[in-house]
Amino acid sequence: MDGVTTSAPDLPTATPRLAPALLGTTCCLVSALGYTAANICLRRLAVDCDAVWVTCVKASVAVVLVGPWLLWRTARGRTMVLPLKALAFLILLGLIGQFGGNLNLQFAFATLGLTITIPTVFGFILVASAVLGRIVLGERVSGRSVGAIGLLIGAMVLLGLGAGAANQSVGDEVQAMVGPVWVALGIGAACLSGVCYAMLSTGIRRAVSTAVPPTWVVFVTTSVGMIAMGALSVYRLGTPKLLETRPDDLGFMLAAGFFNLVAYLALARGLQTTAVIRVNLINASQVAMCAVAGLLLFGEPPSWFLVLGVGITILGMTFMERSSEAAEP
């Protein structure tokens with residue numbers, strides 16, 4: 001009722017308070033769509049492409065597109081030059097995100113598929129974000145959040161029970177990585193990937209809160225990925241083998257990099273005005289989108305464990321959203 005009866009002189013006062021929330025929500029929705037598209041591309045590549053090389057090419061897109069623009073702005077004095085301490089922090093975040101997050105995600109795609117991997121990753125992102133947000137950023141974790149964490153852990157158990165059929169489906173594609181050991185390794189990789197992505201999100205929030213431009217965050221962390229993964233790819237496979245990459249596979253790698261860049265920029269911007277838990281909650285709408293994509297595009301088998309796991313994950317996210325709203329002043 002107050003929103004209807006507010007007089008015109010009060011509107012300028014309300015606008016600054018509402019605009020950041022709207023901007024943060026929009027950025028997070030764009031991020032969810034971008035990451036969903038990127039994950040579909042990565043799932044397509046998981047069956048027959050080297051994970052390290054995929055990660056390198058994906059990261060190179062951001063370096064090529066953002067790097068020249070950022071350097072031009074720096075030369076004209078229109079953006080800050082990173083101090084050494086901030087640069088070192090971003091390099092550390094990049095190593096965590098690339099080696100801990102991206103490589104484990106790609107391995108999980110290759111063993112579990114899309115429908116199991118993404119809910120598992122996001123469950124651990126939200127759980128770890130709640131803990132890290134409290135420890136590093138001082139964000140409040142309410143009793144409702146603790147209950148939501150319990151639901152998310154239960155959802156991970158259900159998804160783990162349904163992982164066997166998903167592993168068999170992916171294994172049939174590549175004639176490899178089939179069996180309970182690979183299922184366990186895939187679940188472990190998805191869990192570790194979620195924890196590392198939570199560390200990355202928390203680190204980004206801390207960096208942008210200290211006036212580090214999001215473009216610098218993107219450029220440094222992806223440059224770390226391109227250089228480290230590129231060197232590792234050459235060492236492991238050799239340049240001639242890398243040059244034999246099929247054009248269609250290369251196209252999916254580049255598309256994944258482009259969608260990931262759009263999502264990453266939107267996420268970094270959203271983290272400037274939104275709590276880590278809320279950002280991950282909105283961005284986690286890709287859980288449902290990726291589950292549908294896995295079923296329709298890749299023929300991954302549905303199961304009651306999958307349905308219950310995804311449903312409880314969404315329920316846990318809802319509780320997490322309400323608790324984060326209650327924690328805001």
Side-chain angles (χ1 to χ4, degrees), residues 24-47 49 51 54-55 57-59 61-62 97 101-110 112-126 129 152 155 159 166 169-170 186 189-190 193-194 196-198 200-201 204 218 222 249 251-271 274 276-300 302 306-307 309-311 313-314 316-318 320-321:
T25 299
T26 302
C27 288
C28 292
L29 288 174
V30 171
S31 179
L33 291 171
Y35 278 130
T36 298
N39 285 331
I40 290 172
C41 294
L42 293 174
R43 168 63 177 86
R44 157 64 174 74
L45 296 165
V47 297
C49 293
V54 170
T55 304
V57 176
K58 184 184 73 170
V61 174
N102 291 340
L103 284 186
N104 280 300
L105 179 69
Q106 201 65 10
F107 179 80
F109 280 151
L112 303 178
L114 197 61
T115 55
I116 296 292
T117 297
I118 294 303
T120 304
V121 168
F122 260 98
F124 270 82
I125 285 177
L126 290 171
S129 292
L152 290 169
L159 291 169
S169 174
V170 176
S193 177
C196 289
Y197 283 141
L200 179 63
S201 295
I204 292 174
V218 173
T222 53
D249 289 337
F252 276 104
M253 294 179 197
L254 295 173
F258 174 77
F259 290 126
N260 191 73
L261 173 60
V262 172
Y264 200 175
L265 287 172
L267 176 63
R269 185 67 183 91
L271 282 165
T274 311
V276 171
I277 291 178
R278 184 184 294 277
V279 168
N280 287 326
L281 172 71
I282 299 173
N283 201 29
S285 61
Q286 63 179 280
V287 168
M289 291 187 284
C290 286
V292 172
L295 296 173
L296 297 181
L297 299 180
F298 300 104
E300 296 175 6
L306 172 64
V307 173
V310 172
T313 300
I314 294 172
M317 292 172 183
T318 302
M320 196 77 80
E321 178 186 29

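For this chain, numbers begin at 1 and follow the sequence in order.
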Exercise. Is the backbone N or O of Gly294 less than 3.5 Å from a side-chain atom of Thr115, with the two atoms forming a donor-acceptor pair by type?
Worked result: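 Looks like no, no N/O pair under 3.5 Å.
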Exercise. Checking Thr36 side chain against Ala32 main chain: does a donor-acceptor pair fall under 3.5 Å?
Worked result: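 A pair under 3.5 Å: yes.
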For this session: Just jot down the side chain to side chain donor-acceptor pair (under 3.5 Å) partners of Asn39, sequence neighbours excluded, or say none.
Result: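 Only Gln286 meet the side chain to side chain donor-acceptor pair (under 3.5 Å) criterion with Asn39.
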Could you report the tightest heavy-atom contact between [X] and [Y], atom names first, then the distance?
| X | Y | result |
| --- | --- | --- |
| Ser193 | Asn104 | CB-CB, 3.9 Å |
| Ile116 | Thr120 | O-OG1, 2.8 Å |
| Gly186 | Ala108 | O-CB, 3.8 Å |
| Ala189 | Phe107 | CB-CD2, 3.6 Å |
| Ile125 | Gly194 | CG1-O, 3.3 Å |
| Gln106 | Ala51 | CG-CB, 3.6 Å |

Rounded distance [0.5 Å steps], [atom1] in [X] versus [atom2] in [Y]:
| X | Y | atom1 | atom2 | answer |
| --- | --- | --- | --- | --- |
| Leu42 | Tyr35 | CG | OH | 11.0 Å |
| Leu297 | Leu114 | CG | CG | 8.5 Å |
| Leu103 | Cys196 | CG | SG | 10.0 Å |
| Asn260 | Thr222 | CG | OG1 | 9.0 Å |

For this session: Side-chain contact test, heavy atoms from C-beta onward, threshold under 4.5 Å: evaluate it for Met253 versus Cys49 and give yes or no.
Result: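 The answer is yes, as the side chains (C-beta and beyond) meet within the 4.5 Å cut-off.
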Exercise. Is the shortest heavy-atom distance from the side chain of Met289 to the side chain of Ile40 under 4.5 Å?
Worked result: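 No, their side chains stay 4.5 Å or more apart.
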Exercise. Residues two or more places apart in sequence or in another chain: which of them pass side chain to side chain contact (heavy atoms under 4.5 Å, CB included) with Asn102?
Worked result: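 Partners of Asn102 by the side chain to side chain contact (heavy atoms under 4.5 Å, CB included) criterion, ordered by chain and then number, come out as Thr55, Lys58, Gln98, Tyr197.
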Exercise. For Ala255, which residues count as a side chain to side chain contact (heavy atoms under 4.5 Å, CB included) partner, sequence neighbours excluded?
Worked result: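 By the side chain to side chain contact (heavy atoms under 4.5 Å, CB included) rule, Ala255 matches Cys41, Phe259.
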For this session: May I have the step-by-step check of side chain to side chain contact (heavy atoms under 4.5 Å, CB included) for Phe109 and Ile118, ending in yes or no?
Result: CA-CA 9 Å; Phe109 280 151; Ile118 294 303; 3.9 Å; yes
